[in-house]
Amino acid sequence: MHYRTRFAPSPTGLLHVGNAYSALFCARWAEQHDAELILRIEDIDHTRCRPAYADALIEDMHWLGLKWQGSVQYQSQRSQAYMQAIVTLRDMKMIYPCFCTRKEIKEEVLRMASAPHLEDLSVEYPGICKNRDVDEQIQRMQNESFAWRLDIDKALAAVGSGLSWQDEAGVRHAHDIHHDIIIGRKDISFSYHLAVVIDDAAQGITDVIRGDDLRESTGIHRMLQSLLGLPEPVYHHHPLLCGLDGERLAKRNGGLSLQYLRQMGVDAGKLRDFLFQLDPQVWPFAVDQTTEILDVLGNTS
Ligand code: GLU
């Protein structure tokens, strides 16, 4: 069996040590399994992604010593493939147009709710647009913006209730989607969930390796693969690197960006080794501990 995996960052900010951990996790797995590693830039969200961040992340990957197969793929250049999948799902009647605003959804949820646990209620779509008649859908689609939602009842009827995904130990996990999630966003007509499964299939990805924060999306991805007749990869979810406060590292924490560490004089080889021996996965430096960071990771020490 020939294995292929990918690192698929979104260029919404400068990469930080947590992203480096994720990239190195993929690269190490690829090395151990004689697998191909692909770099995919997930830049469909034009409100948050910036070409400058995409360029910076490629530079960071080179600095870290990461090698990938072939040219870098940009999701922003693949809208047609994603739209084709939307058409297929629409023809299968697995998705429906949803015209709701957040406010309308919230109001409907509150109206339906008998219990006062309001903070839980914004997540589940109450099905307002689910059963609109086709004429009304067509008419409103001409004048209003709309998202595409997966009809979970139809989807489960089509794929069967035993839908599950497989982890690297061969254990199968039941899907956990129970309401009509958005598959096509109002602004771009498709979504991360759709783009990622289309690309994983198009690029022949056998093993998806990514952070634990995406575990919950995996059931959705399996559902879409199953509906669209796409192959099923194995899923590996690695622990997320946390900061001293126990919170996962985030891009907004610019002080831990790879660019900052590089400019400060951190050695990429030392950083790689350091990240791999962390147990638990906690980055043990505060942002301003420059001296301490350089003592351990500096390219002169
Ligand atoms: N683009 C996603 C992110 O940066 C990763 C998607 C994936 O690995 O499936 O969080």
Side-chain angles (χ1 to χ4, degrees), residues 3-30 35-58 60-61 64 66 68 72-79 81-82 85 165-168 173 175 177 181-183 185 188 190-225 228 230-242 247-253 256-258:
Y3 297 109
R4 186 181 278 179
T5 188
R6 81 307 194 270
F7 179 54
S10 301
T12 54
L14 292 172
L15 291 194
H16 54 72
V17 280
N19 302 122
Y21 179 75
S22 193
L24 292 168
F25 201 97
C26 284
R28 185 173 60 171
W29 185 90
E36 285 175 0
L37 173 66
I38 282 172
L39 179 59
R40 178 196 305 153
I41 309 261
E42 299 206 328
D43 57 349
I44 57 170
D45 188 342
H46 53 83
T47 58
R48 294 172 60 230
C49 296
R50 300 271 175 277
Y53 289 136
D55 295 345
L57 82 82
I58 291 175
D60 289 339
M61 294 292 100
L64 273 179
L66 231 90
W68 55 88
V72 180
Q73 180 178 294
Y74 292 80
Q75 284 194 325
S76 53
Q77 295 169 5
R78 298 213 356 107
S79 312
Y82 312 141
W165 57 270
Q166 189 189 328
D167 70 19
E168 70 278 15
H173 301 258
H175 80 90
I177 17 168
I181 55 152
I182 289 183
I183 294 300
R185 289 169 27 165
I188 52 173
F190 47 86
S191 65
Y192 155 67
H193 297 308
L194 190 67
V196 83
V197 300
I198 296 298
D199 285 348
D200 285 339
Q203 293 186 301
I205 301 300
T206 60
D207 291 74
V208 171
I209 302 172
R210 58 189 182 188
D212 223 10
D213 53 332
L214 289 165
R215 177 180 288 267
E216 280 187 20
S217 299
T218 306
I220 302 166
H221 299 173
R222 265 305 292 140
M223 170 64 85
L224 291 173
Q225 285 155 0
L228 293 165
L230 302 174
E232 176 189 357
V234 173
Y235 286 92
H236 312 226
H237 297 101
H238 64 71
L240 298 174
L241 194 64
C242 292
E247 296 288 315
R248 56 180 279 220
L249 297 175
K251 287 194 179 114
R252 63 182 174 277
N253 195 342
L256 295 171
S257 75
L258 297 182

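Numbering starts at 1 and runs along the sequence shown. When a ligand or atom number is given, it counts from 1 through the structure's own listing order.
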Atom indices of ligand 1, in the order listed, that fall short of 4.0 Å to a heavy atom of Pro9: 4 (O)
Pairs involving residues 5-16, ordered by first then second residue, that meet salt bridge (Lys or Arg N to Asp or Glu O under 4.0 Å) (sequence neighbours left out): Arg6-Asp200
Contact atoms of ligand 1, heavy-atom distance to Ser10 under 4.0 Å: 1 (N), 2 (C), 3 (C), 4 (O)
Could you check Thr218 against His237 for side chain to side chain donor-acceptor pair (under 3.5 Å), going step by step and ending with a plain yes or no? CA-CA 10 Å; Thr218 306; His237 297 101; 3.0 Å; yes
Parallel, tilted or perpendicular: ring planes of Trp165 versus His173, cut at 30 and 60 degrees: parallel
Ranking Glu42, Gln75, Arg6 by closest non-hydrogen atom to atom 1 (N) of ligand 1, top hit is Glu42
Suppose I only count heavy atoms of Val196 and a 4.0 Å limit; which atoms of ligand 1 are within that range? 9 (O)
Angle between ring planes, His221 versus Tyr192, binned at 30° and 60°: parallel, tilted or perpendicular? perpendicular
Applying a heavy-atom cut-off of 4.0 Å, say which part of Leu214 lies close to ligand 1: side chain, backbone, both or neither. side chain
Backbone N or O of Arg185 within a donor-acceptor pair of the Ser191 side chain at under 3.5 Å? no
Return yes when Tyr192 approaches ligand 1 closer than 4.0 angstrom through a heavy atom, no otherwise. yes
Just jot down the ligand 1 atoms closer than 4.0 angstrom to any heavy atom of Arg210, in number order. 7 (C), 8 (O), 9 (O)
Backbone or side chain, does any N or O of Ala8 fall under 3.5 Å from an N or O of ligand 1? yes
Distance-only, no hydrogens or angles: does the Thr206 side chain make a donor-acceptor pair with backbone N or O of Arg4 under 3.5 Å? yes
